[in-house]
Each structure stands twice: as structure tokens, then as C-alpha cells.
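The residues of the chain are indexed from 1 along the displayed sequence.
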Amino acid sequence: MISAAHDSRIAYFIEAIILLLMAMGTVFVFSAGANVSSSYDIRHFYQFTTLKQLFFFPLAVAILYAVSRIDYRRLSFSRYGGPKRSPATWLLGLSAVLLVIVLLFGPVKNEARRWLVIPLGPASISFQPSELAKWSMVILLAAFLDYFADTVRLFSKRFVPICLVAGLLVGLIVTEDFGTAAFIALLTFVMLLIGGARWWHFAVPILAAVPVFVAAVLMSPTRMNRIKAFINPELASQANIYQARQSLIAIAGGRTWGKGLGMGVLKYGHLPEDTTDFIFSVIAEELGFAGALFVLLLFVLLVILGLMVAIRCRDRFGKLLAAGITLTIAIQAAINIGVVTVVLPTKGIPLPFISAGGTSMLLCAAAAGVLVNIARQAPAQLLLARKENIRHMTRAARDENDLPTLQRTPSRLLTRS
């Protein structure tokens with residue numbers, strides 16, 4: 001059996017990987033944001049992506065360590081006797097309200113309403129509620145599947161209500177952010193399957209979800225053009241395959257060891273969304289195959305450690321929450337890298353901890369803090385489980401030792417006693 005001391009080191013390894021990923025993200029966002037046509041003006045600090053990232057990095061580190069000190073069980077339903085008073089429920093409710101506000105009053109950026117803009121004097125802060133909704137759904141699913149563990153296999157009483165909640169969030173997001181909506185739907189199905197739902201339960205929501213997503217694709221010319229360009233790039237217009245082509249040029253240009261930090265050229269107006277969705281292309285160009293492989297290995301190691309935490313955690317809520325956080329990071333990273341390498345159609349999914357964006361970085365840091373807290377409490381849970389096992393074994397041994405004595409005792413003495 002693995003020692004508790006070894007188990008506790010997993011938390012430090014997770015922290016180290018997260019910090020390294022966020023540091024690399026800050027460096028390469030600063031590199032990708034280089035612009036020879038303008039100069040920085042500190043009076044307009046918030047207008048520059050690179051300068052914002054320098055501010056978000058230490059803030060994300062502070063959030064990571066602060067959240068890692070909070071007991072993750074405060075997010076469960078069991079602690080409050082049900083879902084009504086749990087922070088998980090209120091967090092999801094807040095996400096839904098913010099999504100409605102975005103649809104009604106959010107500004108249009110890149111032909112979509114995805115951000116809330118909060119003015120602060122000469123500056124403004126933009127916030128993406130769909131990111132909060134994604135993490136809120138992970139927490140709610142873990143709490144729901146833990147609290148209703150005995151009845152989660154009931155279709156109408158448990159499976160349908162949680163699918164309706166997920167469907168509400170997806171419905172609020174899908175018209176403006178198809179990728180995030182599909183991601184939340186996929187994550188919901190995966191977590192329900194892990195949590196014990198019967199596989200045939202998924203037939204009904206899949207039959208309901210497929211027409212919705214198909215309609216969302218058919219009603220958007222941009223989405224249709226992206227899919228057509230991915231299936232048959234030879235017949236697609238140059239505008240529709242421009243991002244994918246430039247991404248591959250950047251990756252190929254890096255070769256084995258890269259052009260050197262800051263020496264990439266595609267970032268100078270040739271690679272759209274170079275600081276966000278296609279930041280991995282910049283890394284591959286400047287650090288080459290070796291640097292890209294290093295980033296991949298960091299994510300793989302993080303996923304392995306996260307799954308180890310989920311497996312070794314003795315608390316069902318902790319297991320589900322650790323698994324949900326790990327799968328969210330893993331699937332999101334896989335989709336982003338798949339898009340950048342043109343394995344998947346182009347879609348705006350950021351690379352966790354690395355892509356520019358305060359909302360994504362801070363919320364990912366908070367989720368990682370929860371994972372670290374679960375990892376830290378795993379050794380204590382393991383020791384308690386060991387003590388309980390020893391107690392049961394000792395009691396069983398004592399009972400076995402007493403049995404021969406009872407068998408040798410005359411029946412008349414047992415009757416008297």
C-alpha cells in the first residue's frame with residue numbers, strides 16, 4: 001500500500017505543474033502579443049493583452065494557494081443536508097443569471113455575445129460567464145452524484161432532473177458559444193456515466209441534444225464553413241482555411257528545437273488569435289517539437305496525478321470532484337491542441353492555464369486549488385481508513401480468540417451467567 005507521505009507529495013507535484021504551465025503561458029502570451037506597430041502606454045494598461053497577463057499570473061497563483069486551503073467538502077450537498085443551501089447550487093444559479101444578462105445586455109465581440117463588460121473608470125473588466133458555468137456544472141454534478149448515490153440509477157427521479165439543469169445551461173450558451181455548450185454537454189454525460197448512471201439512460205438526452213446541435217450548426221454560416229473546410233480543405237476558400245494553414249506553417253517552422261524564444265514571425269499579424277486559441281502554435285514555432293512535447297507531457301502528467309487523486313480519495317464526493325476537474329482540463333487541452341494541429345475543426349476553446357484570458361486563467365487556477373486540497377486530504381483519509389481496518393481486524397481476532405474459551409466453558413456456567 002502506498003504510504004501517506006508519498007500520497008501527500010502528489011499535491012506538491014500538481015502545484016508545481018500548474019505553476020509551470022501558468023508561467024509558460026504568461027511568457028508566451030507576452031511573446032505572441034509582440035507588435036512592432038505600436039508602443040505600450042501604461043495609462044491604458046487594460047487594453048494590452050500582454051500586460052493584463054502579467055497582472056493575472058500572480059493573481060492566479062494567489063487564488064490557487066488560497067483555494068487549496070479551503071476544505072473541498074464545503075461544496076458538497078451532504079454538508080448542508082441537501083442541495084438548497086450548498087454553494088454548488090448557488091454558484092450554478094449565479095452562472096445562469098449571468099448568462100441571461102449576457103444574452104440581453106452583453107456587447108457583441110467577434111459576432112457573439114459572450115462577455116460581460118464591467119466599467120471601472122477609464123478601464124473596464126470583461127468576464128465570460130460561460131467559463132463560470134462550465135466549472136459550476138462540474139461541482140454540481142459531483143455534489144449531486146455523491147448525495148444521491150443510492151438513487152442515481154433512477155431515470156425519472158434523478159437522471160432526468162440533472163439533465164434538464166445541464167440542458168438549461170447549454171441552451172443559454174449554445175447560440176453564442178457552440179464549442180463551450182458542446183463541451184458542457186459532453187462533460188455532463190461523462191460525469192454521469194462515471195457517477196453510476198445506466199448507459200441506456202443516455203439514449204433520451206442524446207436524441208434530444210443532437211437535433212439542437214445540428215440546428216445550431218446549420219443556422220450558422222461560419223460554423224458550416226469551418227466544417228466544410230475541415231472535411232474538404234481543397235475546395236474551401238482561403239479565408240476559411242487561413243487559420244488552420246497558418247497554424248501548421250508555424251508548427252512546421254519550429255522544426256525540432258524552434259526558432260528561439262521571441263523569435264517567431266507568424267505572430268506578427270499572420271496567425272489570428274495567437275495569444276488565445278492558437279498559443280500552442282507560437283510555442284511550437286519558438287521552442288520547436290521539443291517545447292511542444294514538453295507542454296504535452298506536462299498535461300499528461302497532470303492528468304495522471306489528478307486521476308491518482310480521484311482513485312485514492314476515500315470520499316465519494318472528492319473522487320467525483322477530482323475526476324471532474326481532471327477530465328475538464330484534459331478534454332479542453334486535447335480539443336485545443338487538436339484544433340491547432342488541424343486534427344479537429346477550428347473552434348474557440350482556450351488551452352488551460354496557457355491561453356490569454358483572465359476569466360479562464362483565474363477559474364482554472366481555482367479549480368486546480370480544489371484538486372490540490374483533495375490531494376492534501378487524501379493522506380489523512382488513508383490513515384483513518386487504515387486505523388479503521390486495524391480496529392476491525394483486532395476486533396475480529398479478539399472474537400476468534402474468545403470463541404474456543406466459550407466452547408470449553410461448561411454449559412451450566414454459561415446458563416448461570
Side-chain angles (χ1 to χ4, degrees), residues 56 59-60 63 66-67 70 72 74-77 79-120 123-148 158 160-189 191-192 205 208-209 212-213 216 321 324-325 328 332 348-350 357-367 369-370:
F56 287 132
L59 184 58
I63 289 176
V67 174
I70 301 173
Y72 70 90
R74 293 185 178 183
L75 297 170
S76 68
F77 288 173
R79 191 183 185 95
Y80 303 93
K84 293 183 179 180
R85 297 173 56 191
S86 172
T89 305
W90 289 97
L91 196 60
L92 191 76
L94 175 63
S95 303
V97 171
L98 292 177
L99 288 172
V100 173
I101 294 175
V102 166
L103 289 176
L104 296 177
F105 307 106
V108 178
K109 293 183 180 181
N110 298 328
E111 302 179 356
R113 297 179 185 270
R114 300 178 185 174
W115 292 268
L116 279 178
V117 178
I118 305 172
L120 296 175
S124 61
I125 296 177
S126 58
F127 176 76
Q128 195 169 357
S130 59
E131 286 291 317
L132 179 62
K134 174 180 65 182
W135 289 111
S136 300
M137 196 65 208
V138 172
I139 298 172
L140 185 82
L141 283 167
F144 179 89
L145 293 171
D146 167 56
Y147 189 73
F148 298 109
R158 295 289 177 250
V160 171
I162 195 63
C163 285
L164 290 176
V165 172
L168 173 63
L169 281 188
V170 170
L172 292 173
I173 298 172
V174 68
T175 56
E176 304 295 334
D177 191 348
F178 180 84
T180 302
F183 183 81
I184 292 176
L186 174 63
L187 194 62
T188 300
F189 289 158
M191 288 197 66
L192 285 173
V212 174
F213 282 109
L321 188 56
I325 293 171
T328 301
Q332 190 168 328
I349 298 291
T359 305
S360 176
M361 190 175 193
L362 297 181
L363 290 177
C364 283
V370 175

Query raised in the report: At their closest point, which heavy atom of Val170 faces which heavy atom of Phe213, and how far apart are they?
Result: CG1-CZ, 3.9 Å

Query raised in the report: Got a donor-acceptor contact below 3.5 angstrom from the Ser86 side chain to the Ser76 backbone?
Result: yes

Requested in this report: Report the C-alpha separation of Lys134 and Thr328 in whole Å, then their side-chain angles, then the decisive distance to 0.1 Å, and conclude whether the side-chain contact (heavy atoms from CB on, under 4.5 Å) test is met.
Outcome: CA-CA 9 Å; Lys134 174 180 65 182; Thr328 301; 4.2 Å; yes

Query raised in the report: How far apart are the C-alpha atoms of Leu321 and Asp146, what are their side-chain angles, what is the distance that settles it, and do they pass the side-chain contact (heavy atoms from CB on, under 4.5 Å) test?
Result: CA-CA 10 Å; Leu321 188 56; Asp146 167 56; over 6 Å; no

Query raised in the report: Trp115 and Pro107: which non-hydrogen atoms are nearest, and at how many Å?
Result: O-CD, 3.3 Å

Query - Spacing of CG belonging to Asp177 relative to CZ belonging to Phe183, to within rounding of 0.5 Å - result: 11.5 Å

Query raised in the report: Quick one: are Leu75 and Ile70 in side-chain contact, heavy atoms under 4.5 Å?
Result: no

Requested in this report: Measure the CD1-OG distance between Ile173 and Ser130 for me, rounded to the nearest 0.5 Å.
Outcome: 5.5 Å

Query raised in the report: Arg113 and Val102: which non-hydrogen atoms are nearest, and at how many Å?
Result: O-CG1, 3.4 Å

Report task. Could you walk me through whether Cys163 and Leu192 pass the side-chain contact (heavy atoms from CB on, under 4.5 Å) test, one step at a time? Result -> CA-CA 9 Å; Cys163 285; Leu192 285 173; 4.0 Å; yes

Query raised in the report: Given side chains that start at C-beta, do those of Thr175 and Leu103 come closer than 4.5 Å, heavy atoms only?
Result: yes

Query raised in the report: Would a 4.5 Å heavy-atom cut-off, applied to side chains only, mark Trp135 and Ser95 as touching?
Result: no

**Report entry** Straight-line distance of Leu98 CG to Leu172 CG, nearest 0.5 Å
**Finding:** 11.0 Å

Query raised in the report: Do side-chain atoms of Thr359 reach the backbone of Gln128 as a donor and acceptor pair under 3.5 angstrom?
Result: yes

Report summary line: Correct closest heavy-atom pair for Ile184 and Ala133 would be CD1-C, 4.5 Å

Report task. Evaluate the side-chain contact (heavy atoms from CB on, under 4.5 Å) criterion for residues Ile162 and Met137: first the C-alpha distance (whole Å), next the side-chain angles of each, then the deciding distance (0.1 Å), finally the verdict. Result -> CA-CA 10 Å; Ile162 195 63; Met137 196 65 208; 4.3 Å; yes

**Report entry** Distance in Å, Leu140 CG paired with Phe77 CZ, rounded so as to fall on 0.5 Å steps
**Finding:** 4.5 Å

Query raised in the report: Quick one: is the NZ or CZ of Arg85 closer than 6.0 Å to the six-membered ring centre of Tyr80, and within 45° of its axis?
Result: no

Query raised in the report: How long is the gap from CD1 on Ile325 to CD1 on Ile139, to the nearest 0.5 Å?
Result: 7.0 Å

Requested in this report: Heavy atoms only: give me the nearest Glu131-Pro350 pair and the separation to one decimal.
Outcome: OE2-CG, 4.4 Å

**Report entry** Shortest non-hydrogen contact from Gln332 toward Ser360
**Finding:** NE2-OG, 4.5 Å

Report summary line: d(Phe56 CZ, Met361 CE) to nearest 0.5 Å is 9.0 Å

